[in-house]
Amino acid sequence: MQSYTIGQAARLLGVSPDTARRWADAGRVVTHRDEGGRRLIDGRDLAAFSVEVAQGGGAGEDEVSYTTARNAFPGIVTAVKLGDVAAQVEIQAGPHRLVSLLTREAVEELGLEVGMQATARVKSTNVHIDRA
């Protein structure tokens with residue numbers, strides 16, 4: 001399972017590192033320490049927390065708005081639904097929830113799973129997923 005530093009989590013949530021630290025200090029998101037003493041958040045925990053924040057449980061005055069100027073939305077995978085041929089991948093990128101329908105083969109080749117970092121790239125009505 002991929003883990004994220006407080007700084008990485010802050011970027012994925014669209015908030016400042018100070019806000020992410022305050023949330024961790026308040027127990028809103030569970031952290032653990034690595035061998036070097038850095039606080040880390042498990043990917044699955046961060047995925048669940050990012051959905052909570054996006055649904056209004058969170059950002060408050062430190063909330064950062066996103067722009068689509070470059071049409072790239074770095075975020076965290078919050079759901080992967082596999083069918084026989086097709087798949088659906090959801091990414092929470094700060095306050096934005098993006099859903100992409102793609103082939104099961106593409107999801108398997110990218111190794112996409114809940115809790116991992118990914119970037120949704122949007123062009124017209126298509127959403128493409130890049131593995132981070």
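All values reported here derive from a predicted model rather than from experimental measurement.
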For the student: nearest non-hydrogen atoms of [X] and [Y], plus distance:
{"X": "A24", "Y": "R39", "answer": "CB-NH1, 3.9 Å"}
{"X": "A54", "Y": "G94", "answer": "CB-O, 4.1 Å"}
{"X": "A93", "Y": "L98", "answer": "CB-CD1, 4.0 Å"}

Mind checking the [atom1]-[atom2] spacing from [X] to [Y]? Nearest 0.5 Å is all I need.
{"X": "F49", "Y": "T78", "atom1": "CZ", "atom2": "OG1", "answer": "14.5 Å"}
{"X": "R104", "Y": "Q88", "atom1": "CZ", "atom2": "CD", "answer": "14.0 Å"}
{"X": "R21", "Y": "S16", "atom1": "CZ", "atom2": "OG", "answer": "8.0 Å"}
{"X": "L46", "Y": "Q2", "atom1": "CG", "atom2": "CD", "answer": "9.5 Å"}
{"X": "L110", "Y": "I129", "atom1": "CG", "atom2": "CD1", "answer": "8.5 Å"}
{"X": "L13", "Y": "I76", "atom1": "CG", "atom2": "CD1", "answer": "8.0 Å"}

(request) Without swapping roles, check the side chain of Q92 against the backbone of H96 for a donor-acceptor pair under 3.5 Å. (result) yes

Joint hydrophobic cluster, [X] plus [Y], side-chain heavy atoms closer than 4.5 Å:
{"X": "V51", "Y": "L112", "answer": "no"}
{"X": "L40", "Y": "Y4", "answer": "no"}
{"X": "L102", "Y": "L82", "answer": "yes"}
{"X": "V114", "Y": "M116", "answer": "no"}

(request) Please determine, by modelled atom types, if D130 and T119 share a side-chain donor-acceptor pair under 3.5 angstrom. (result) no

Heavy atoms, side chains only, cut-off 4.5 Å: are [X] and [Y] in contact?
{"X": "I41", "Y": "V30", "answer": "no"}
{"X": "V99", "Y": "V89", "answer": "no"}
{"X": "F73", "Y": "I91", "answer": "no"}
{"X": "R131", "Y": "Q117", "answer": "no"}
{"X": "E90", "Y": "R97", "answer": "yes"}

(request) Any chance you could lay out the side-chain contact (heavy atoms from CB on, under 4.5 Å) test for V107 and V80, step after step, and finish with the verdict? (result) CA-CA 8 Å; V107 171; V80 176; 3.9 Å; yes

(request) Can you establish whether the number of heavy atoms outside E105 located under 6.0 Å from its atom CD is more than 12? (result) no

(message) Going by side chain to side chain contact (heavy atoms under 4.5 Å, CB included), T31 matches just one of I6, D25, T5, D42. Which one?
(response) I6

